[in-house]
Amino acid sequence: MKIRKLGLALVILNVSATYLYGQVTVNDSLSKERKIEGVTIKSSANKKSESALLVDQKKAIIQKQSMGSEEISRKGISNIEQALVKVTGITSVEGRGLFVRGLEDRYNTLLINGLGSPSNNPFQKIIALKQFPTDVVGKLNIYKTFNSNLYADFAGATFDIETLTYEKPFSKIEFGIGVNTLSTFRNNFKINPNANSIEGYVGLNSRDKQLPNEIKGYRPSSYNFNANQSRNSFGEGWNVDNIKSLPNTSLGFTTAQKFKIGETSNLGFLFSLNQGNHYEYKDGVKNQFRLNGNSIDYNNNLNRKEYTYETESSVLLGLGFKNKGTAINLNGFFLQNSENLIQDYLGFRNGETNNQQFIRVNQQDISRFTDLQLTASQKINERHSLKAGASWVNNFYQQPDRKIMYGQPGEGNDINLSFGGNNLLRQYLDVNGKNYFSAFAEYALNLGEKGDKKDYPWQLAIGYNGFADVRNTSYRFIYSVLNDPSQSQVTVDRDTPQAIFDQSILNGTYHYREGSTSEYKNNLYQFVNAGYLNINYKPSELWDILIGGRVENNINITRYKPISVGINDNFDNITKNQYYILPSLSVKRALNEKSNIRFAASKTITRPILIEYMPITYINPDNENIFGNKDLSNSENYNIDLKYELFPSSKEMFAVNLFAKKIDNAIERSYIASGNSNGQTITFFNAKTATLAGVELEGIISLNRISESLSRFTLGANTTIMYSDVKRSADQNKETDVEANRKRALQGAAPWTVNADLKYEYKNSQNLTKTYSLVYNVSGKKIYGVGFSQLDNIFEMPFHQLDFVYNNQISKNWNVKLTIQNLLNSEYQLKLGDNSLVQVQESSLMMENYKKGTSFNMTVGYTF
C-alpha cells in the first residue's frame, strides 16, 4: 500500500501500472493558494501482477524469476507444476518432475516460505508439484543463480513457494470438470474395488492393505501363513472391477480474511480446501534389449496397458499478524496423493519367445505430507531487522500390498497360472519420515548514509539455516508356496480370480510365506547446518554487488544390512561428515533505466534422490529393477552466469544468458546386467566430472510493435541451448561408451528446450478481462539411462506439448476457465540409441511408448 499526502486543494490522479512502480513526487507550492489540510489518497499496487514481478526481476541482484497469482490465473494454471513449465528453461518430464536448463529433477530444491521441504516420494527429489494447488499460492520464486542464504543443494534451480497473503479479503468456490479423448468414458476401465469407493476417493483405502498382523512389527522369519491366515489375514484380494471411467472432477474452496486490531495492527486468516480425482489410460510397448552372442535382440517384448485412478487432497490453514515492523505467520499444510494403478503386460520376457505371458500388477502409491510452519520478521528501525522461521514435517509414503501375478493367456479373459515360484507376489514398501525439521534465522544491518539514494550503500546479513531429515524404510515380500504339485495349475478369470484362490487354499494347494531378505529395513539420517554471510554493496544507482559465503556441515548416516548377512545380524553403518565452503558472487550493472548486465559465480552441491542411494533392490515384474547405490557421493558444482537483459516497457523484456557449469562427481542413471542373469537393473553412479555450457534466450513482447491492430497480443518465448560432456569414473568402466572410446553428454541433460506463450487480452467496458493463450513446451532428445553390454544409451525423445487456455472474468464474481491440454497428442517415447556396438536384430528400437490423449477442462469459480 502506498500513501501519498498532498497539500493541495484539488488533485486529479490517474494511476497506471507504470506509475505505480515508478512514481515521482513533485512539491508544487503556490504562495497565493489557501493552505488546506492534507488529503490522503490511497492506491493499491498489486505486487503479484506480471508487471510488478517483471520490475522485481529487473531490480533484484540475483537472477530470479517470479510468477504471481495474476499470471497463474490468466494462464488457467491449476497446480504449481503447470505454472513452472511456463518459466524460461523449465520443462516437465513424464513422471520425473521438472527439468531446469535441461538438468534432471535431482538438481532442484524446494522451499516453502523459505523453509526446507522434503520430497513425499522417494523416486523424486522434490514434491510432485502438481499436488500443490495454485489457489494457495501468492508467488512462485525461481532462483537460477545461487546466493549463500539459499540451501547449497543447487545446480538447476531453487523453487520457493510463497503462500497466499492477506492483502485483499475474498472467498472463492471453484468446481472443475474435465474429459480426456483417450481415458474418459472408457468401458472396462480396470480399477481396484477399494479405490472405487468413498474411502478410495479420500485415500483411505490403503488401510486394508497393510502388513498382516502375524508379521507386522516383527522381524522377518520366513513366516508361513496357515490356510485360515492365508485366506483372511489380507484385507484385500486379487479381483479388479471393470467400470466406465467418468470425467475428472475437482472442487476447491479458499477464503482469505483480514481483521483490523487497533489502529496499526491487523490479523489475517487463510483457509483452503481442495479435492480432485483423475482417470488416465495408457497403452504402449514396454520392451528390453539384451546382448545375445554377437547381436542384440529383445529380452522382453511386452505390450502394457495401464489404468490409473488418482485422487488428490490438500488443506491449508494460515494465520498472519502484522503491526508496523512486525510480521508473524503460522501456516499448516496437508497434502495427500493416492494413485491406484492396474498394469497389464502381454508378451514374452527373459528371452523366452515361446512362452507368452500375461502379467497383472495391482498397486497403490499413497503419500501424506503434513507441514507446520512458523515465521516471523521484525524491523527494529531502518538499519536493523530480524527474521526467523521453523517448520516440522511428517512425511509418509507407501506402496502397500503391491500384488503381482502372471500366467499364460487362455481363451477370452482366462489365464493359466501356476502357484509357487514367486507367483502371487505381494510387496510392501514403506518410507516413513516422521520427523523433518527445518529452521532459519537472519540478522540484517544497513550501513552508511542514504543521501539521495533509495537504499543504504552497505547491507550486511548474517544467518543460519538447516534441516534434519530422519527416515525409516521397510520393504517386505510375501509370496505363494506350493503344497500339492498335482494341483499346481489352475485357470482363472484374470479380473475375478479370488474365489478360485480361496478354494485352492482350502484344498491345501498353496499357502503364503514371507520371503523378505536382510535388506528389509534401513534407517537414513541427514543433518545439514549452515552459517552464511552476505555483503551487499551499492556504490551508486548503477552498481549492485553481492558477495556471499556459506559454510555447510552435511552429516549422512545410512544404517543397513547387506543381503549377504542374516536378518538378525547387526546393521552396518555408513557415516559421512563433510564440510563445504561455498562462496558466491553476484554483480549487476545498470546500463541505463531499461537494461542491465549481470554476472554470477558460485560453488554448490547436489545431493542424490532418495531411491538413488537407498540400499534396496526395488523389484518390477518385467525384471527392470532399481538398485540404490549406498556409496553415492554428493556432487560439487561450479557455476558461472553472464546475462544481459532489456526492459523496453513495463510489460516487456528481452534477455540473453550465457552459463557454464562444472560438476564433480555428477550422478548418472545407468543400466547394468541384472544380478539374477535375467532382465536389467537401473542403478546410479558418480561420474568423474561433467562440463556444461549453454545459452538462454528469453523475450516478452507486445505485438503492437508490429501493428496497432495487434495491440492486444503479447508473445513470450524462451529457449535454452546446452552442450554437455562427461568424463567417466572407474565405477563406470563397463558402460558401452567407455568400450567404444567415445564421448557422450551428461545423462538427463537436454541439449535444448523451447517454451512459448501467445496471449490475447481484452477488457470490456466494465474493465473485466478476457484472455486467450496458446502455450507450447518441448525439450530435446536426452539420455535417460547409460547403456551397457555393448548396447547404446537409452534416449528420451522430444515430447511436444501445446495447450490452449481461455479465461473469462464474466462478472465481478464469476470466472470461467477452459483449458485444452496436449492438443498435438504427442507420443512419449524411450528408445535404444542406434549406435550399439553390435547389430540389433529387431525391427524397432522402441523401449517404451504411449499417448496421453487430449484433455478438455473447464473450471467455474465464484468469488465473494
Side-chain angles (χ1 to χ4, degrees), residues 77-82 92-97 119-124 126-135 175-186 189-209 236 240-252 273-283 304-315 334-344 361-369 396-403 429 819 821-822 828 850-857 859:
I77 294 165
S78 61
N79 62 68
I80 289 178
E81 183 171 285
Q82 289 179 9
S92 175
V93 179
E94 279 294 285
R96 295 194 293 115
S119 174
N120 61 349
N121 186 328
F123 299 91
Q124 292 186 338
I126 64 176
I127 294 174
L129 293 175
K130 67 184 182 67
Q131 299 176 24
F132 228 115
T134 51
D135 282 347
F175 175 75
I177 187 167
V179 297
N180 179 274
T181 56
L182 191 62
S183 303
T184 309
F185 302 123
R186 173 171 289 274
F189 187 94
K190 300 189 185 298
I191 190 170
N192 188 296
N194 290 336
N196 192 25
S197 64
I198 294 298
E199 284 193 339
Y201 182 72
V202 295
L204 297 178
N205 54 318
S206 63
R207 295 182 300 183
D208 295 328
K209 301 181 182 182
E236 185 176 275
V240 303
D241 285 345
N242 288 281
I243 65 170
K244 181 184 285 288
S245 54
L246 299 176
N248 306 320
T249 60
S250 63
L251 182 65
L273 178 65
N274 294 270
Q275 177 73 35
N277 70 322
H278 180 78
Y279 295 86
E280 185 173 64
Y281 171 77
K282 297 176 183 177
D283 186 359
R304 180 178 64 182
K305 297 181 188 296
E306 187 171 284
Y307 309 82
T308 304
Y309 174 67
E310 182 177 18
T311 66
E312 294 176 342
S313 309
S314 67
V315 181
F334 175 74
L335 302 176
Q336 179 176 273
N337 177 265
S338 175
E339 251 188 25
N340 298 273
L341 180 72
I342 305 293
Q343 290 178 330
D344 287 347
V361 180
N362 187 334
Q363 172 181 326
Q364 182 182 17
D365 293 58
I366 185 162
S367 65
R368 296 186 178 98
F369 179 90
F396 178 80
Y397 174 88
Q398 268 197 331
Q399 283 182 354
D401 199 6
R402 183 188 189 218
K403 294 179 284 294
L429 174 65
T819 61
Q821 295 177 305
N822 197 24
Y828 176 79
Y850 57 82
K851 289 191 173 183
K852 298 183 66 176
T854 301
S855 296
F856 299 81
N857 302 289
T859 302

* Asked: For the residue pair F189 and Y279, does the interplanar ring angle fall in the parallel (under 30°), tilted (30 to 60°) or perpendicular (over 60°) class?
  -> perpendicular
* What is the minimum heavy-atom distance between N857 and Q821, and which atoms define it? -> ND2-OE1, 3.3 Å
* Just checking, is any N or O donor in the side chain of T311 or N277 under 3.5 Å from an acceptor N or O on the other one? -> no
* To do: Considering non-hydrogen atoms only, spot the tightest contact between G178 and T184 and give its length.
  => O-OG1, 4.4 Å
* To do: Establish, from distance only, whether the side-chain atoms of Q364 and N194 form a donor-acceptor pair under 3.5 Å.
  => no
* Might you point out which heavy atoms bring L182 and K851 nearest each other, and give the distance in Å? => CD2-O, 3.2 Å
* **S245 (side chain) donor-acceptor with S183 (main chain) under 3.5 angstrom** => yes
* Report the C-alpha separation of E236 and K403 in whole Å, then their side-chain angles, then the decisive distance to 0.1 Å, and conclude whether the side-chain contact (heavy atoms from CB on, under 4.5 Å) test is met. => CA-CA 10 Å; E236 185 176 275; K403 294 179 284 294; 2.7 Å; yes
* Asked: So do the side chains of R368 and L335 get within less than 4.5 Å of each other, counting heavy atoms only?
  -> no
* Rounded to the nearest 0.5 Å, how far does CD of E339 lie from NE2 of H278? -> 9.0 Å
* To do: Hey, could you give me the CG/CD1 distance between N196 and I191, rounded to the nearest 0.5 Å?
  => 4.5 Å
* Once the angle between the rings of Y307 and Y281 is folded into 0 to 90°, is it parallel (under 30°), tilted (30 to 60°) or perpendicular (over 60°)? -> tilted
* Asked: Within a strict 4.5 Å, meaning less than it, do heavy atoms of the L341 and E306 side chains meet?
  -> yes
* Is there a donor in the side chain of N192 and an acceptor in the side chain of N362, or the other way round, less than 3.5 Å apart? -> yes
* Structure fact -> One should read off an interatomic distance between N822 CG and F856 CZ, to the nearest 0.5 angstrom, of 10.5 Å
* To do: Ignoring hydrogens and angles, tell me if any N or O in the side chain of S119 forms a donor-acceptor pair with the backbone of P122 under 3.5 Å.
  => no
* To do: Give a yes-or-no answer on whether the side chains of N205 and N340 include a donor-acceptor pair shorter than 3.5 Å.
  => yes
* Structure fact -> Heavy-atom closest pair (I366 atom, P400 atom, distance to 0.1 Å) is CG2-CD, 4.5 Å
* **Interatomic distance, L429 atom CG to R402 atom CZ [nearest 0.5 angstrom]** => 9.0 Å
* Heavy-atom side-chain contact between I177 and P247 under 4.5 Å -> yes
* To do: Kindly compute the distance separating CG (N337) from CG (D365), expressed to the nearest 0.5 Å.
  => 8.0 Å
* Asked: How long is the span from the CZ atom in F369 to the CG atom in N121, to the nearest 0.5 Å?
  -> 12.5 Å
* For residues R207 and E199, determine if any side-chain heavy atom of one lies less than 4.5 Å from a side-chain heavy atom of the other. => yes
* **side-chain contact (heavy atoms from CB on, under 4.5 Å) evaluation trace for E310 with E280** => CA-CA 8 Å; E310 182 177 18; E280 185 173 64; over 6 Å; no
